[in-house]
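Worksheet: the structure to be examined is printed underneath.
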2 protein chains.
Amino acid sequence: MNDLREAPIGVFDSGIGGLTVAREIMRQIPEERIVYFGDTARVPYGSKSGKTIIRYSCQIARFLKTRGVKVIVVACNTASAYALEALQQEMDIPVIGVVRPGARVAARESIGGNIGVIGTAATVGSHIYQKYIQSLRPEAQVFEKACPLFVPLVEEGWRKDPVTRIVAERYLQEMKERKVDTLILGCTHYPLLRSMVADIMGPDVVLVNPAYETAMELKQLLRRENIENCGGSKIEENPYEFFVSDQAEKFRTFADSILPIDITTAKQVPIEEY
Amino acid sequence: MNDLREAPIGVFDSGIGGLTVAREIMRQIPEERIVYFGDTARVPYGSKSGKTIIRYSCQIARFLKTRGVKVIVVACNTASAYALEALQQEMDIPVIGVVRPGARVAARESIGGNIGVIGTAATVGSHIYQKYIQSLRPEAQVFEKACPLFVPLVEEGWRKDPVTRIVAERYLQEMKERKVDTLILGCTHYPLLRSMVADIMGPDVVLVNPAYETAMELKQLLRRENIENCGGSKIEENPYEFFVSDQAEKFRTFADSILPIDITTAKQVPIEEY
């Protein structure tokens with residue numbers, strides 16, 4: 001049992017976006033170790049089929065298992081939408097995604113039950129946010145919209161660019177017309193556009209970042225399963241490990257810029273072999 | 001020998017862009033059969049490392065070989081930039097890319113030797129166009145620029161959109177300032193933005209689409225190797241076969257819209273196993 005308490009948390013994403021979730025876990029549960037995997041060779045997942053997303057996610061979960069993780073966090077909305085059930089069936093450790101926590105807080109916080117969701121084409125096409133929200137709050141109206149250019153714009157470094165503003169205004173136009181009172185940022189890149197989206201939607205619309213809720217759900221899960229690292233065992237100097245399927249150095253630089261710690265290495269893994 | 005003459009041409013790309021090359025081969029060498037593979041599961045290649053691009057390209061070449069192709073056309077600038085040499089070493093059939101033909105025509109057609117190249121981050125980072133052009137015309141000045149948003153904009157269907165125009169004007173600004181007289185469209189998606197690029201660059205700048213030159217080089221190669229399908233053997237009703245690694249139906253719809261033939265099927269292949 002002691003071993004499991006000190007085991008790391010596995011976090012994975014299609015690429016770099018999931019670092020916003022890892023960052024939230026570091027903030028909320030600083031005593032836990034993390035093993036992060038970013039599938040930088042096969043990113044993006046948002047334009048792939050459900051079957052392929054499941055195959056890739058299972059390979060990653062198997063790899064994380066070899067690193068001795070005690071729980072897996074699917075820090076990618078698209079993978080959460082398609083692969084969570086398959087992962088939960090295959091793995092003998094708990095697996096949680098980002099969709100359910102995001103849906104839960106939106107269902108709870110929305111005043112009028114008029115909820116918007118933005119995400120990748122695959123996430124939106126799955127209608128999973130709508131299903132979860134309406135299972136919690138059947139009368140809720142859920143409007144979903146794919147924003148395929150947001151990820152490339154963020155990765156181009158145009159987070160505060162006038163072009164991104166024009167694109168965002170166009171994507172969000174329908175959300176404004178439908179007068180949503182709550183908007184879920186249903187892709188891990190989107191919190192990086194948060195201030196622009198907030199400005200466009202106006203002060204009365206609540207923006208939901210599933211990363212925070214996911215970290216809180218993880219905290220509860222660790223406590224419930226009695227596997228939290230709270231036994232006074234000191235966490236070592238470098239408790240975070242990073243693995244990728246490609247472009248390790250580029251990943252390291254990006255991770256270093258958004259995480260509150262120094263990333264010294266990211267190791268490349270032949271993920272297809274898992 | 002007869003078998004080889006009637007064997008198909010293998011064409012591959014990271015996804016759908018290479019269809020612009022296949023289209024050109026269909027136009028220029030209508031008597032040849034084609035087996036096309038689009039790596040729609042792992043697209044895009046433009047943001048991957050050279051090593052990963054080589055590994056993926058070799059898997060695809062091995063798959064094409066199982067379909068009995070007599071020659072392989074790498075219809076992807078990024079794969080041509082990184083994997084051509086490895087493919088030529090591994091395969092016992094001729095392999096040609098799109099970069100060398102594009103570079104050759106630019107070196108030949110440019111009046112002042114002031115040549116621009118636009119492409120993915122990986123293609124531009126390889127400086128391969130510059131190397132080829134300067135090997136043919138040492139005094140040429142070559143200016144390269146990555147345009148990472150062009151592919152997502154085309155795939156979003158915003159080919160004639162004002163947003164795409166703003167992005168294109170920004171990307172091409174430096175090319176105009178440097179007064180290039182010839183501009184290579186160094187990514188298979190870019191010919192789909194040809195009229196916009198032409199309008200921005202002005203009537204004095206020659207735009208080079210490597211697809212046409214590649215088809216002509218292929219024609220010469222088949223003749224030189226004496227493997228062209230010219231023996232009067234009738235080409236059958238459906239001489240083109242399409243394979244993908246994901247999203248077969250979506251691919252079929254897109255292919256059907258840009259090719260001058262009816263695509264009835266695209267089959268999905270587990271490409272990692274090759």
Side-chain angles (χ1 to χ4, degrees), chain A residues 14-16 38-56 59 82 120-122 125 146-158 161-171 189 244-251 254 266 268-274, chain B residues 14-16 38-56 59 82 120-122 125 146-158 161-171 189 244-251 254 266 268-274:
Chain A
S14 56
I16 56 176
D39 199 359
T40 48
R42 304 185 295 194
V43 69
Y45 282 13
S47 50
K48 299 192 203 313
S49 71
K51 222 169 136 185
T52 295
I53 294 163
I54 290 172
R55 193 169 76 247
Y56 289 179
Q59 288 172 338
Y82 287 92
T120 65
C147 305
L149 287 167
F150 276 173
V151 171
L153 284 163
V154 167
E155 301 209 339
E156 180 69 327
W158 291 14
D161 196 278
V163 166
T164 307
R165 174 90 193 192
I166 298 170
V167 172
E169 279 173 357
R170 196 181 303 177
Y171 280 150
H189 276 74
V244 292
S245 47
D246 199 15
Q247 305 269 46
E249 184 50 28
K250 192 170 143 193
F251 175 89
F254 185 86
Q268 190 168 328
V269 175
I271 196 66
E272 297 131 76
E273 294 168 14
Y274 286 86
Chain B
S14 57
I16 55 175
D39 199 0
T40 47
R42 303 185 295 195
V43 70
Y45 282 13
S47 51
K48 300 190 201 316
S49 70
K51 221 169 136 186
T52 294
I53 294 163
I54 290 172
R55 193 168 78 248
Y56 289 180
Q59 288 173 336
Y82 287 92
T120 64
C147 305
L149 288 168
F150 276 174
V151 171
L153 284 164
V154 167
E155 300 210 339
E156 180 69 326
W158 292 14
D161 196 276
V163 167
T164 307
R165 174 89 193 193
I166 299 170
V167 173
E169 278 172 358
R170 194 180 305 177
Y171 280 150
H189 276 74
V244 292
S245 48
D246 199 15
Q247 304 269 46
E249 184 50 29
K250 192 170 144 192
F251 174 90
F254 185 86
Q268 190 167 329
V269 174
I271 195 66
E272 297 131 77
E273 295 169 14
Y274 285 86

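Throughout, a chain's letter reflects where its sequence line sits, starting with A, and its residues are numbered from 1. This one's a predicted model, so the numbers in the text were calculated from it and none came from an experiment.
Heavy atoms closer than 4.5 Å to chain A are found in both the backbone and the side chain of L153(B). Contact of E273(A) with chain B is not made at all, since no heavy-atom distance falls under 4.5 Å. Using a 4.5 Å cut-off between heavy atoms, Y45(A) does not touch chain B at all. Interface residue K250(A): only side-chain heavy atoms are found under 4.5 Å from chain B. Heavy-atom distances place the backbone of V43(A), and not its side chain, under 4.5 Å from chain B.
In terms of non-hydrogen atom pairs under 4.5 Å with chain B, the most contact-rich of R42(A), E155(A), Q247(A) is Q247(A). Between chain B and the options V163(A), I166(A), L149(A), heavy-atom pairs under 4.5 Å are most frequent for L149(A).
Using a 4.5 Å cut-off on side-chain heavy atoms (C-beta onward), Y171(B) and P148(B) make contact.
In summary, the side chains of S245(B) and D39(B) do present a donor paired with an acceptor at a separation below 3.5 Å, with no hydrogens or angles considered. The closest side-chain donor-acceptor pair between D246(A) and T40(A), if any, does not fall under 3.5 angstrom.
In this structure, R170(A) CZ and C147(A) SG are separated by 12.0 Å, a value rounded to the nearest 0.5 Å. To the nearest 0.5 Å, the span separating OH on Y82(B) from OG on S49(B) amounts to 8.5 Å.
When atom types are taken as modelled, the side chain of K48(B) and the backbone of A41(A) share a donor-acceptor pair closer than 3.5 angstrom.
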